[in-house]
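One structure is given here, and the rest of the page talks about it.
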Amino acid sequence: STCRALAERALNYDAADDKSTTSFGRYAIMDADRVVSLQHIAVAGNIALARYARWEAQDVNATNNGNNNRRGIGQETVVCAAGTSHSGYALRDYGFFGEQKQMQQDAKASAPASSFTILAIGFDCEGDAEYEKFLADMGLDDEGRPDMRQYFVRPRSKQELAGLLKAFKVSQNEVDMDGSSLEHAIITRIATKFVV
């Protein structure tokens, strides 16, 4: 199956649950190439949890009788990791929702099909077994999983670095500042983008 179909399945994995509870939308998958470190995804997850808690508090006080049409925590983490408040752009760039266009471009250029390293996230799992079940249901339970710590510290191409700088609207000067790095500049950008 395509990465986009897989991403849609992950976002709706627990859709059978009552959507008014915090258990809905706890899972997501995303393109790991767009994440610079485990701290990047951790900061995005914490921002998403804080935003989600604020939304729940607003919904309790709202007159809509608790109807909650908000994104799930998994999708909100993808949006926060992308550093944009536009969920369409975030899902296109991080959640494989622009994959069809990329496949068409690859076919026109007679290029080999794009491959992706997928980062799967789950919130409030009751243990490893629940998360492993999610991975198995998504078809991601094979033994070929990369060590993500090693994956994030791999050398990146100039094209990949330029794409990250552009995506996060980070300048090379911000990266080159004394004591800074690409990781620090991007984490600072997403942390200041989403003020709770």
Side-chain angles (χ1 to χ4, degrees), residues 3 6-7 9-14 21-57 70-87 89-97 116-135 138 140-141 144-156 160-161 163-170 174-175 177 179-196:
C3 290
L6 191 63
R9 282 182 44 222
L11 290 175
N12 294 305
Y13 181 73
D14 51 2
T21 69
T22 58
S23 66
F24 173 71
R26 297 180 299 134
Y27 300 97
I29 65 165
M30 58 193 299
D31 184 356
D33 285 349
R34 307 293 293 222
V35 177
V36 294
S37 68
L38 292 176
Q39 288 78 18
H40 177 183
I41 198 68
V43 168
N46 283 325
I47 293 168
L49 286 168
R51 289 168 53 98
Y52 204 78
R54 184 186 67 191
W55 290 337
E56 283 184 329
R70 304 253 189 244
R71 298 184 278 260
I73 193 66
Q75 184 176 357
E76 185 63 24
T77 301
V78 173
V79 170
C80 290
T84 180
S85 55
H86 191 288
S87 61
Y89 290 144
L91 292 175
R92 180 195 68 205
D93 293 343
Y94 281 74
F96 308 108
F97 282 66
F116 299 96
T117 299
I118 295 172
L119 180 64
I121 56 176
F123 284 89
D124 202 22
C125 296
E126 293 188 11
D128 289 345
E130 182 181 353
Y131 182 70
E132 292 294 330
K133 180 181 181 323
F134 163 70
L135 293 177
M138 294 292 112
L140 301 173
D141 60 341
R145 294 184 205 161
D147 177 349
M148 295 311 286
R149 287 184 181 91
Q150 293 299 317
Y151 179 80
F152 291 131
V153 297
R154 78 195 186 288
R156 294 179 187 259
E160 189 178 2
L161 289 172
L164 287 169
L165 292 174
K166 181 178 178 183
F168 289 99
K169 298 177 179 76
V170 172
E174 290 174 272
V175 174
M177 281 182 7
S180 189
S181 66
L182 178 66
E183 176 187 9
H184 291 136
I186 289 175
I187 289 173
T188 299
R189 181 68 57 172
I190 66 170
T192 58
K193 173 75 177 180
F194 298 103
V195 177
V196 176

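All heavy atoms count here, side chains included; hydrogens, waters and symmetry mates do not.
When atom types are taken as modelled, the side chain of Ser180 and the backbone of Glu174 share a donor-acceptor pair closer than 3.5 angstrom. Within the 3.5 Å criterion, the main-chain N or O of Ala120 finds a donor-acceptor partner in the side chain of Tyr131. The closest donor-acceptor contact from the side chain of His40 to the backbone of Ala81 lies under 3.5 Å.
Closest non-hydrogen pair, Ser37 versus Ile187, comes out as OG-CD1, 4.2 Å. Heavy atoms only, all atoms of each residue included: Arg26 and Glu130 are closest at NH2-OE2, 2.6 Å. Contact detail for Leu119 and Met148: the closest heavy-atom pair is CD1-CE, 4.1 Å. Counting all heavy atoms, side chain and backbone alike, Ala44 lies closest to Cys80 at O-CB, 3.7 Å. Between Thr77 and Ala48, the shortest heavy-atom distance links the atoms OG1-CB, 3.5 Å. The nearest pair of heavy atoms linking Leu11 to Gly74 is CD2-C, 4.5 Å.
Looking only at side-chain heavy atoms (C-beta outward), Leu140 and Ile29 come within less than 4.5 Å of each other. Using a 4.5 Å heavy-atom cutoff, the side chains of Leu161 and Val175 are not in contact. Counting only heavy atoms from C-beta outward, the side chains of Leu165 and Leu182 approach each other to under 4.5 Å. Inter-residue side-chain proximity for Arg156 and Val36 is flagged as met; some heavy-atom pair is nearer than 4.5 Å. At a threshold of 4.5 Å between non-hydrogen side-chain atoms, the residues Met30 and Ile41 count as touching. With a 4.5 Å cut-off on side-chain heavy atoms, Met138 and Ile118 do not count as touching.
Other residues, nucleotides and ligands contribute more than 12 heavy atoms inside 6.0 Å of the CG atom of Asp147.
Listed by first and then second residue, the salt bridge (Lys or Arg N to Asp or Glu O under 4.0 Å) pairs involving residues 75-85 are Arg51-Glu76, Arg71-Glu76 (not counting sequence neighbours).
Below 30°, between 30° and 60°, or above 60°: for Tyr27 and Tyr13 the angle between ring planes is above 60°, a perpendicular geometry.
With values rounded to the nearest 0.5 angstrom, Gln75 atom CD is found 10.5 Å from Ile121 atom CD1. Separating the CZ atom in Phe152 from the CZ atom in Arg154 is a distance of 8.0 Å, to the nearest 0.5 Å. Here OG1 of Thr84 is found 6.0 Å from NZ of Lys169. Values are rounded to the nearest 0.5 Å.
With sequence neighbours excluded, the residues satisfying salt bridge (Lys or Arg N to Asp or Glu O under 4.0 Å) with Lys133 are Asp137. Residues meeting the side chain to side chain donor-acceptor pair (under 3.5 Å) test with Glu132, sequence neighbours left out: Arg145.
A donor and an acceptor atom, one from each side chain of Ser181 and His184, are located under 3.5 Å apart.
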